[in-house]
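Numbered from 1 within each chain, the chains take letters A, B, ... in sequence-line order. Only heavy atoms go into these numbers, but all of them, side chains included; no hydrogens, no water, no symmetry mates.
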Amino acid sequence: MSATRAAVTISGVDKVFRTRKGGEVHALSDVSLEVAAGEFVSLIGPSGCGKSTLMRLVADLDPVTSGTIEVFGKSVEQARKDQDYGIAFQQAGLLPWRTVRANIELPLEIHGVEARARRERSDELLALIGLEDFADHHPDQLSGGMKQRVAIARSMAERPRLLLMDEPFGALDEMTREHMQNELVALCQETGAAVIFVTHSIPEAVFLSDRVVVMSPRPGRITDVIDLSFSSRDEELREDAAFYEGVTAVRSALHGGADASSGPRGVENR
Amino acid sequence: MRTARAQATLWSVVGVLGVAALWELYKAIAPDDGVTVGTVTVLPRTTDIAMPHIWDMVTRLFEPVTRAAGADVLWWAVLQAAAFSLGIAVLGWVLGVVSGMLLALLMQRWITAESAVLPWVVLSQTVPLIAIAPLVKRWGTAIHLGPFQWENWMSVAVIASYLAFFPVAVSALRGLKSPPQADTDLFHAYAAGWWTTLVRLRLPASVPYLMPALKLAAANAVVGTVVAEVSIGLGGGIGRMIIEFAATASGDPAKTWAPILGAVLIGLLSAGLVALLGRGLGRFRRGEVPA
Ligand SMILES: Nc1ncnc2c1ncn2[C@@H]1O[C@H](COP(=O)(O)OP(=O)(O)OP(=O)(O)O)[C@@H](O)[C@H]1O
Ligand SMILES: [Mg+2]
């Protein structure tokens, strides 16, 4: 694959946190991964295996200890400054004093997009997430799922070619979650963005991803990469035999990668 | 909303009437010489000199200040003095809020500034007002800038601001540091600089912390003004009026209470002004627990 086609190229990355007492936490060890443009990649693994850390490195929120990460052929810092990615965290993180619309427009506002263009874009996104009627509401008037949808719309406001999402559906109930997954699939097909998606749920990873990256802790590393090439992602896929094969494949990869005695923790099998 | 506000007004009226009723009740039932244990008076005297009747105080307001011909009616004199003091207090409050905010920004921007400045901010409040009043006056009069002349009212405003800046500096610092890491990370991801992060994140987030501090600063500015007027020797305000009228207490007891009413009036007005400001900032105060 040529370098220009890759959205993210991670090569030989190590991340060591130094704690205050002088201890060291080896959060990531020799991690290499390439995410193609438009590709959907999920990171899955037990708690503490470094999924969030890896995502933060790509977003240039923390520096790597060694190794390199390129985003669209640029350094992570340059990519951040060029606004090449959109990001959504586990907590929606909406600003309480801004309306839903103003929250979605925040990145546009910060980057000096003029009011009319901002308004057009937020109208589009509000329609996309089905919250047109809530444009002038404040976050405290929304349910958890609605807030999450706003956060996702905000991450897409600048039409990034890369989306970084850290357990964005973690706080949602199963029904809302499946609904949001369908929406995310639709959104990605529409925008053609590459996605790095952190999750604890095996079915979620299988349903959404082109590839599932399985990680294991102490030190955090990639133990397996599972290719899933479903022809289409719709409600029927959830009942499909190929889907269950995918789930089984990811689950056995997770079990194989962890200590035989303890088994993976923090991973939901639902 | 409307009924809640009507209720609040009702209760404040009840509160004022209650105090007046207590005053008269105590005056009626307690002995004239108060209650003494040995030689120590534990409850105040209730003579008309120590505790004039409420209605005497009110009627006194509508009589002239002195018997001299052409003297103003008392309530008008008190009102003028109150307006004079309120003006200085507002100026002191503005100075205090601005310097408190600037200090907080400095401390938020540079960690070292926080460890260097914060102890002094705290320490500054342990210096008694009486001690700084002559200093401020002396330093002020040492300033010579062309036609500029340091006036006594400026010293009073500076002292008022000295009392007002403290709660603002401390609470604003807490407010500016209040956004969670997820929020600051988000702004970092947007490649937003310090200024953008300040204006769009830190300042709005600090409003709920700032509101009680602004109220406290207003109360401090009023007290600072009244006391500093006395220490500096500035005439025309409530502070000097309290002292002057107290000198005539034995002959005209009801009169001494008039400037105290004026001081209460300033306090109420300044609290009202801050509350008005708080209403204007309402949209940043979502989720704030009503204090
Ligand atoms: N700022 C930090 N300082 C020190 N150690 C850290 C820091 N951030 C993460 N770690 C450590 O790095 C390791 C990986 O953490 P990370 O948050 O990436 O895990 P995760 O896979 O996202 O877990 P979870 O599924 O629970 O979110 C953990 O052992 C954690 O304690
Ligand atoms: Mg995590």
Side-chain angles (χ1 to χ4, degrees), chain A residues 52-53 55-63 71 76-100 102-103 105-113 136-142 147 150-151 154-155 157-158 160 162-168, chain B residues 1 101 104 108-109 111-112 114-115 171-172 174-214 274-291:
Chain A
S52 300
T53 304
M55 220 197 68
R56 292 176 60 85
L57 295 181
V58 174
D60 191 32
L61 294 173
D62 280 321
V71 176
V76 282
E77 188 186 0
Q78 195 56 48
R80 175 173 63 83
K81 290 189 171 152
D82 293 351
Q83 293 303 302
D84 282 333
Y85 67 81
I87 192 162
F89 299 102
Q90 179 164 5
Q91 296 300 321
L94 305 178
L95 301 181
W97 54 86
R98 286 179 161 251
T99 60
V100 165
N103 265 293
E105 289 182 4
L106 177 69
L108 302 167
E109 208 179 301
I110 287 177
H111 298 125
V113 176
D136 298 321
H137 284 55
H138 281 84
D140 54 310
Q141 299 165 313
L142 304 183
K147 281 187 225 174
V150 176
R154 179 178 64 184
S155 71
E158 297 183 286
L162 172 63
L163 273 173
L164 305 174
M165 309 184 113
D166 192 350
E167 297 186 51
Chain B
M1 248 331 256
M101 286 299 293
Q108 189 275 320
R109 183 73 178 83
I111 291 283
T112 40
E114 181 180 346
S115 32
S171 306
R174 246 169 37 105
L176 290 173
K177 286 162 87 175
S178 67
Q181 202 196 341
D183 287 359
T184 52
D185 277 350
L186 189 69
F187 274 71
H188 184 66
Y190 293 149
W194 180 77
W195 178 253
T196 309
T197 310
L198 177 71
V199 173
R200 303 224 184 263
L201 178 64
R202 294 193 188 278
L203 281 180
S206 66
V207 170
Y209 293 80
L210 223 47
M211 281 323 297
L214 293 182
V274 175
L276 221 58
L277 184 69
R279 297 253 312 263
L281 293 173
R283 112 184 142 97
F284 300 107
R285 301 172 64 194
R286 296 191 144 259
E288 180 185 337
V289 262

Indicate the atoms forming the closest heavy-atom contact of B/Ala189 with A/Ile87, along with that distance. CB-CG2, 4.1 Å
If every non-hydrogen atom of B/Ala192 is compared with every non-hydrogen atom of A/Ile110, which pair is closest and at what distance? CB-CG2, 4.1 Å
May I ask you to test the A/Leu95-B/Phe284 pair for a side-chain heavy-atom distance under 4.5 Å? no
Using a plain distance cut of 3.5 Å, could you tabulate donor-acceptor pairs between chain B and chain A?
| unit_1 | atom_1 | unit_2 | atom_2 | d |
| --- | --- | --- | --- | --- |
| B/Asp185 | OD2 | A/Arg56 | NH1 | 2.6 |
| B/Asp185 | OD2 | A/Arg56 | NH2 | 3.2 |
| B/His188 | O | A/Arg80 | NH1 | 2.9 |
| B/His188 | NE2 | A/Asp60 | O | 3.3 |
| B/Ala189 | O | A/Gln83 | NE2 | 3.1 |
| B/Tyr190 | O | A/Gln83 | NE2 | 3.3 |
| B/Tyr190 | O | A/His111 | NE2 | 2.6 |
| B/Arg200 | NH1 | A/Glu109 | OE2 | 2.6 |
| B/Arg286 | NE | A/His138 | ND1 | 3.3 |
| B/Arg286 | NH1 | A/Asp140 | OD1 | 2.8 |
| B/Arg286 | NH1 | A/Asp140 | OD2 | 2.9 |
| B/Arg286 | NH2 | A/His138 | ND1 | 3.2 |

